[in-house]
Chemist: 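Dropping the structure in here first, questions after.
To find a chain, count down the sequence lines: A is the first, B the second, and so on, and within it residues start at 1. Source: prediction; values computed, not measured. Excluded from the calculations below are hydrogen atoms, water molecules and symmetry mates; all remaining heavy atoms, backbone and side chain alike, are included.
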There are 2 protein chains.
Amino acid sequence: MNKNTKVTFDAVEIIHRRYFKGRPERLKALEEARADDDVARKIFELRTKAGLTQAQLGKLIGTTASVISRLESADYEGHSLAMLRRIGAALNQRVEIKFVPIRRSA
Amino acid sequence: MNKNTKVTFDAVEIIHRRYFKGRPERLKALEEARADDDVARKIFELRTKAGLTQAQLGKLIGTTASVISRLESADYEGHSLAMLRRIGAALNQRVEIKFVPIRRSA
DNA sequence: CAGTCTATTCGCAATTTTGCGATAACGCAA
DNA sequence: TTGCGTTATCGCAAAATTGCGAATAGACTG
């Protein structure tokens, strides 16, 4: 039960320890992302789960860290499908688009 | 069993008769759309099922028919999330984005 | 404390999407 | 055939997104 001596093999576990361990506010944000549809949070979650920094992901898709940061900003609404696909391609993910009917209240 | 005397109450049925009845090539395209991920076809399917022309949908979201036609073009790749949401909002649909892992071959 | 790594924000140029009219083309019906 | 409704394509201006460096800030470590 040591604190920092256990060897980790999984990138997900590594990134989890680096970003979320002992930071309840980050964990909470991640939970909300699972229920929410926010694209910015989906990108953030995808990137961090892959164990990448914004600069690293930026390089993978041929852009810079500031661009990734902007895409992950909560109040950014200017996402394009092309950009989502670039990110998905870099992280081996397919972008799925779905129109789902809105239940007219109750 | 008359051909055109049955009264229809559902917009979906109306549009189905107007666009797909007796046109196997259109029907086939629609079937493929259900299995495919093509966004253009999803927009087309959504619009026709709502019983709208391109001009009508355009007006609903504050643009013209040529814009809708472009969005429904098979080789158009420039979709933005904002535009998809505008269309969805007009047709009471929520746009759902999902990153789904790609299985690395077999 | 300084030093490093990461993320955020600010400008502005470059690229892309959107807006929109005009025109052509297609299918269908009289 | 003509006419009508609908869709497709072209061209260019307007608006939005992207590219990218620089500066700032925060967290962590030595």
Side-chain angles (χ1 to χ4, degrees), chain A residues 3-4 14-27 29-30 39-41 43-90 97, chain B residues 3-4 14-27 29-30 39-41 43-87 89-90 95 97:
Chain A
K3 203 160 60 174
N4 278 323
I14 292 174
I15 200 64
H16 180 270
R17 281 170 48 176
R18 193 188 300 171
Y19 283 97
F20 302 107
K21 205 167 188 180
R23 299 188 214 177
E25 78 286 357
R26 290 230 197 198
L27 252 182
L30 186 56
V39 182
R41 292 205 190 123
I43 297 176
F44 170 81
E45 189 179 355
L46 199 60
R47 174 179 63 83
T48 51
K49 278 190 173 174
L52 299 175
T53 67
Q54 293 178 339
Q56 288 173 326
L57 176 56
K59 189 168 188 180
L60 276 181
I61 67 170
T63 186
T64 60
S66 63
V67 173
I68 304 298
S69 177
R70 180 168 49 199
L71 293 175
E72 292 180 355
S73 172
D75 53 343
Y76 181 75
E77 296 290 344
H79 304 271
S80 73
L81 233 51
M83 181 59 90
L84 295 185
R85 292 205 178 102
R86 282 165 66 188
I87 294 176
I97 305 296
Chain B
K3 201 161 62 172
N4 276 323
I14 292 173
I15 200 62
H16 180 271
R17 280 171 46 176
R18 193 187 302 169
Y19 283 97
F20 302 107
K21 204 167 189 181
R23 298 187 215 181
E25 77 287 356
R26 289 229 198 200
L27 252 182
L30 186 57
V39 182
R41 293 206 188 122
I43 296 175
F44 169 80
E45 188 179 355
L46 199 59
R47 174 178 64 82
T48 51
K49 278 192 173 173
L52 299 175
T53 67
Q54 293 178 341
Q56 288 173 327
L57 176 57
K59 189 168 187 180
L60 276 180
I61 67 171
T63 186
T64 60
S66 64
V67 172
I68 305 297
S69 176
R70 181 168 48 200
L71 293 175
E72 292 179 355
S73 172
D75 53 341
Y76 181 73
E77 295 291 343
H79 305 271
S80 73
L81 235 49
M83 180 59 90
L84 295 184
R85 291 204 177 101
R86 283 166 67 189
I87 295 176
V95 177
I97 305 295

Chemist: My understanding is that only one of A:R70, A:E72, A:K59 makes a side chain to side chain donor-acceptor pair (under 3.5 Å) with A:Q54; could you say which?
Modeler: A:E72
Chemist: Rounding to a whole Å, what distance do you find between B:K59:NZ and C:dC20:C1'?
Modeler: 15 Å
Chemist: Just by distance, do the side chain of A:S69 and the backbone of A:A65 share a donor-acceptor pair under 3.5 Å?
Modeler: no
Chemist: Output the rounded distance in Å from CG (B:L81) to P (D:dT18).
Modeler: 10 Å
Chemist: Whole angstroms only, please: what is the CD-P distance between B:Q54 and C:dG19?
Modeler: 14 Å
Chemist: So, is B:R47 close to the D:dT7 phosphate, meaning a side-chain N or O under 4.0 Å from OP1 or OP2?
Modeler: yes
Chemist: Could you grab the distance from atom CG of B:L84 to atom CG of B:L71, nearest 0.5 Å is fine?
Modeler: 8.0 Å
Chemist: Roughly how far apart are A:I97 CD1 and A:R85 CZ, rounded to 0.5 Å?
Modeler: 6.5 Å
Chemist: Are any of A:Y76's side-chain N or O atoms less than 4.0 Å away from OP1 or OP2 of D:dT18?
Modeler: yes
Chemist: Which whole-number value in Å describes the distance from A:R85 CZ to C:dT17 P?
Modeler: 11 Å
Chemist: Can you tell me how far OG1 of A:T48 sits from CD1 of A:I43, rounded to the nearest 0.5 angstrom?
Modeler: 11.5 Å
Chemist: I need the CG-P distance between A:L52 and C:dC5, as an integer number of Å.
Modeler: 17 Å
Chemist: Is it the case that the base of C:dG21 and the side chain of B:T64 share a donor-acceptor contact (distance under 3.5 Å, atom types as modelled)?
Modeler: no
Chemist: So which one's nearest nucleotide on DNA chain D is more toward 5', B:V67 or A:H79?
Modeler: B:V67
Chemist: Please evaluate the base of D:dG5 for a donor-acceptor partner in the side chain of B:T53 within a cut-off of under 3.5 Å?
Modeler: no
Chemist: Both B:S73 and A:M83 contact DNA chain D. Taking the nearest nucleotide for each, which residue is further toward the 5' end?
Modeler: B:S73
Chemist: Closer than 4.0 Å, any side-chain N/O of B:R86 to the OP1 or OP2 of C:dG19?
Modeler: yes
Chemist: Which part of the nucleic acid, if any, lies within reach of B:T63 when heavy atoms closer than 4.0 Å are counted: base, sugar-phosphate only, or nothing?
Modeler: sugar-phosphate
Chemist: Identify, between B:S66 and B:L84, the residue whose nearest nucleotide on DNA chain C lies closer to the 5' end.
Modeler: B:L84
Chemist: Any base atoms under 4.0 Å from B:S80, or only sugar-phosphate, or nothing? Heavy atoms, all strands.
Modeler: sugar-phosphate
Chemist: Atom CD1 of B:I43 to atom C1' of D:dT7: distance rounded to whole Å?
Modeler: 15 Å
Chemist: Could you state the atom-to-atom distance from CZ of A:R70 to P of C:dC10 in whole Å?
Modeler: 12 Å
Chemist: Let me know the distance between CG of B:D75 and C1' of D:dT9, rounded to the nearest Å.
Modeler: 11 Å
